[in-house]
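Encoded as structure tokens, the structure appears first; notes follow it.
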Amino acid sequence: MAGYEACILGLKLAVDMNVQELLVIRDFDILVHQVLGEWATKNKNILPYLHCVQELIKRFTNIEFKHIPRIQNDFADALATLSSMIQHPYKNFIDHIPIEIHKQPAYYAHVEE
């Protein structure tokens, strides 16, 4: 879920900056393959995140997701190292993404009588 939240925050930032074309490089291959529709997920907790990413990618004229193994992604490795060293003065400085999890599938909640 943390990988999806990071992706969602990045996509929202790009949307806010009016980016039209985007290359998303991730070292989390499950996320990339699920977003591309190559792999399915059975985890119901992940589905709201996946749907959120799929809705956000519709806002771009051209978007590409690429998987790079962590060992080959020096930039991500350096960022992870730096982030572990930084102590932010405020504990809650990043707003959480509200995700609702329903007890029933979404299509069930939208069926009209």
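Each residue takes its place number in the sequence, starting with 1.
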Value rounded to 0.5 Å, distance of SG in Cys52 from CD in Glu5: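 Nearest 0.5 Å value for the SG-CD distance: 10.0 Å.
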Looking at CD of Gln54 and CG of Leu47, how far apart are the two atoms once the value is rounded to the nearest 0.5 Å?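 Answer for the CD-CG pair, Gln54 versus Leu47, is 9.0 Å.
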Non-neighbouring partners of Leu23 that pass side chain to side chain contact (heavy atoms under 4.5 Å, CB included), sequence neighbours left out: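 Once residues adjacent in sequence are excluded, the partners of Leu23 under the side chain to side chain contact (heavy atoms under 4.5 Å, CB included) criterion are Ile25, Glu64, Lys66.
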To check you understand the geometry: which heavy-atom pair defines the closest contact between Val32 and Phe65, and what is its length?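 So the two residues come closest at CG1-CB, 4.0 Å.
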Which is it for Tyr49 and Leu31 under the side chain to side chain contact (heavy atoms under 4.5 Å, CB included) test, yes or no, and what are the steps along the way? CA-CA 10 Å; Tyr49 293 95; Leu31 183 147; over 6 Å; no
Who pairs with Lys58 by salt bridge (charged side-chain N to carboxylate O under 4.0 Å, His left out), at least two apart in sequence or on another chain?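 In terms of salt bridge (charged side-chain N to carboxylate O under 4.0 Å, His left out), with neighbours along the sequence ignored, Lys58 is linked to Glu55.
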Just do the side chain to side chain contact (heavy atoms under 4.5 Å, CB included) check on Leu22 and Ile57 with the steps written out, would you? CA-CA 9 Å; Leu22 185 65; Ile57 63 176; over 6 Å; no
Less than 4.5 Å apart, any side-chain heavy atom of Ile8 and any of Val53?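 Of all side-chain heavy-atom pairs linking Val53 with Ile8, at least one is under 4.5 Å.
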Would you list the pairs meeting side chain to side chain donor-acceptor pair (under 3.5 Å) in which at least one residue belongs to residues 14-24, sequence neighbours left out?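 Checked against side chain to side chain donor-acceptor pair (under 3.5 Å) - neighbours excluded - no pair reaches residues 14-24.
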Scan the side chains in residues 33-43 for donor-acceptor partners under 3.5 Å anywhere in the protein, sequence neighbours excluded, and list what turns up.
unit_1	atom_1	unit_2	atom_2	d
His33	ND1	Glu38	OE1	2.5
Gln34	OE1	Tyr4	OH	2.4
Thr41	OG1	Asn43	N	3.2
Asn43	OD1	Asn45	N	2.8

